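One-based numbering, in listed order, for ligands and for the atoms of each. Computed from a prediction, not measured in an experiment: that's the story for all the values here.
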Amino acid sequence: MKFWGSRFAKGTDALADKFSFSIAYDYKLALYDVMGSIAHVTMLGQCGIISQPEAKKIANGLSQIGTKIEKGTFKFDPKEEDIHSNIQAELKKLVGASADKLHTARSRNDLIVLDMKLYCLYELTLIVDKIAKVQKAIVQFAAKNIDVIIPAYTHLQSAQVVLLAHHMLAYVEMLERDKGRLFDALNRMDTMPLGSCALSGTTLPIKREMVAEQLGFPQATQNSIDSVSDRDFIIEALADLAILGMHFSRMAEDMIIWSTQEFNFVNIDWSLCTGSSIMPHKKNPDIMELVRGETATLYANLNKLLILTKALPLTYNRDLQLDKPALFESVEKVGDILGLFAILFDTLKVNKAEVAKRIINESFFTVDIMDYLIKKGVSYRDAHDVVGKMVKECLDHGKKIADLSKADLKKYSVKFEDDVKKLLNPESSVKNKKSFGSTNPDLVKKQINKWKKLLNV
Ligand code: ARG
């Protein structure tokens, strides 16, 4: 018999059951459903809505179910429509008629929100921890390669030189914001919906704050209608995971480009690459490509929830059941991506000799030469013109700025002295950067130390 079977003239169609049953995916909520139910039934007993001994008996049965779920020995019955009815049916086997009192003063509409919030609170906290692990791996990689200077790009055209560590710490900043967003979402969702019942609350003398306290929520939700309708917390989680995925897709893309034969800046460990079935020489960065690809999944799941909830009338509608596969998939994908990137940065090797060959091009230092002139009172505009002309003529005639005589230099600007040639090397270029947040090696080292402290590296 279904929860709602008594009012029905006949049973549901088998295809309707297949189409509507959610146990195939909401079984993941089993432990949260049990935890919520133990808190609920304990409160029912303490408020005198059911007797204390009966409440204890039900709670006991639920703990037995919880143990089985934890051990992985609980048998989910595919003929029970969802996780709530599965646990209810098992409880009935364990404690008999008392089980029929568990669902007093609640509904599946508030229960499913409780389960989903407990799931999010747990899983998103794990994700925050895993992000910190990736940050640690990046900081260690940066520290290990602190002496490496690389070309940096705009428009994927060589632009200026930077410390590899500086580039790496950009990733750490991105991930720190991801953690911040998740913390915000976790804080906002931390309200307990159970006891909102179908949508209007209950005439029974329940104490919702007791349930909140038992489950570790700082408070109960304030409005029963909002409680059962709200899926903002899932949308926020999916948005945060989508942004995080976007960050990893950008890191993955850097790795894909940097590991090409043409760039050859880094070697991705064999354990994260695959070969070709026809070309024996290949070592392909498939895992990075799949990270880039799965970002589409993360965006799609966010979109799914936004579309699912658009113009949906208050309060609960069955459409909302479909939030689950989207959330579960995104959480699992992100967990995998984070694990893989921890391995990536723990094992990534820099081809220092190759990289060193790529940073000798004088074009990397044109902005430094402009700054030289600006420091001598030349306007930005004039400095740009002077250096532009000089670079053009050098390129046109296959010359190097380093080989120009003092007289040649003076033709471009009287402010030039021989010392300008000291700027034409990557070490000076990074060292001469002085602004806060720049690639100056002392500043980057300070940043590394700051992150080491913050992340307990
Ligand atoms: N399986 C449902 C869901 O995931 C649980 C709530 C069902 N409520 C209802 N009135 N049919 O949303």
Side-chain angles (χ1 to χ4, degrees), residues 1-9 11-37 40 62 65 69 74 76-91 100 102-123 189 191-202 211 221 224-238 301 304-332:
M1 175 73 114
K2 296 197 165 87
F3 268 113
W4 36 267
S6 53
R7 188 243 176 277
F8 265 58
T12 41
D13 188 272
L15 187 55
D17 282 352
K18 173 175 171 277
F19 192 64
S20 61
F21 281 22
S22 53
I23 188 61
Y25 45 88
D26 67 14
Y27 75 90
K28 284 196 164 66
L29 300 172
L31 218 44
Y32 307 113
D33 203 77
V34 167
M35 279 165 58
S37 288
H40 180 70
L62 286 166
I65 295 174
I69 294 166
F74 186 84
F76 295 97
D77 181 357
K79 290 200 202 68
E80 291 290 346
E81 67 173 301
D82 58 22
I83 186 56
H84 320 303
S85 54
N86 254 271
I87 285 167
Q88 183 71 43
E90 181 69 12
L91 187 65
D100 294 338
L102 170 63
H103 212 53
T104 308
R106 70 179 201 188
S107 128
R108 284 182 297 164
N109 298 355
D110 52 353
L111 183 55
I112 194 63
V113 179
L114 174 65
D115 290 1
M116 289 294 271
K117 283 191 170 180
L118 289 171
Y119 171 90
C120 284
L121 289 166
Y122 182 73
E123 292 292 340
M189 73 175 70
T191 56
M192 203 292 300
L194 205 64
S196 299
C197 302
L199 69 111
S200 67
T202 174
V211 178
T221 51
S224 60
I225 290 177
D226 180 52
S227 300
V228 295
S229 313
D230 171 28
R231 294 295 182 280
D232 295 7
F233 65 102
I234 298 174
I235 298 174
E236 267 195 89
L238 288 172
N301 285 334
K304 179 174 177 185
L305 255 283
L306 288 170
I307 297 166
L308 206 58
T309 47
K310 179 188 175 291
L312 199 64
L314 299 184
T315 57
Y316 178 81
N317 300 272
R318 192 65 180 268
D319 318 39
L320 293 174
Q321 174 167 302
L322 304 177
D323 58 1
K324 277 154 222 73
L327 179 67
F328 298 161
E329 185 180 41
S330 286
V331 164
E332 277 156 36

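The salt bridge (Lys or Arg N to Asp or Glu O under 4.0 Å) analysis of residues 306-315, with sequence neighbours excluded, yields no pairs.
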May I have a table of the N/O to N/O pairs between ligand 1 and the protein that fall below 3.5 Å, each row giving the two atom names and the distance to 0.1 Å?
| residue | atom | partner | partner atom | Å |
| --- | --- | --- | --- | --- |
| ligand 1 | 1 (N) | Q321 | OE1 | 2.9 |
| ligand 1 | 4 (O) | K324 | NZ | 2.7 |
| ligand 1 | 8 (N) | N109 | OD1 | 3.0 |
| ligand 1 | 10 (N) | N109 | OD1 | 3.0 |
| ligand 1 | 12 (O) | Y316 | OH | 2.5 |

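What you find for H103 and R108 is that their closest heavy atoms are NE2-N, 3.7 Å.
Here the CD atom belonging to E123 is positioned 11.0 Å from the CE atom belonging to M116, to the nearest 0.5 angstrom. To the nearest 0.5 Å, the span separating CG on L305 from NZ on K324 amounts to 9.5 Å.
Checked against a 6.0 Å centroid threshold, the rings of Y27 and F74 do not count as neighbours.
The shortest side-chain heavy-atom distance between C120 and L327 falls under the 4.5 Å cut-off.
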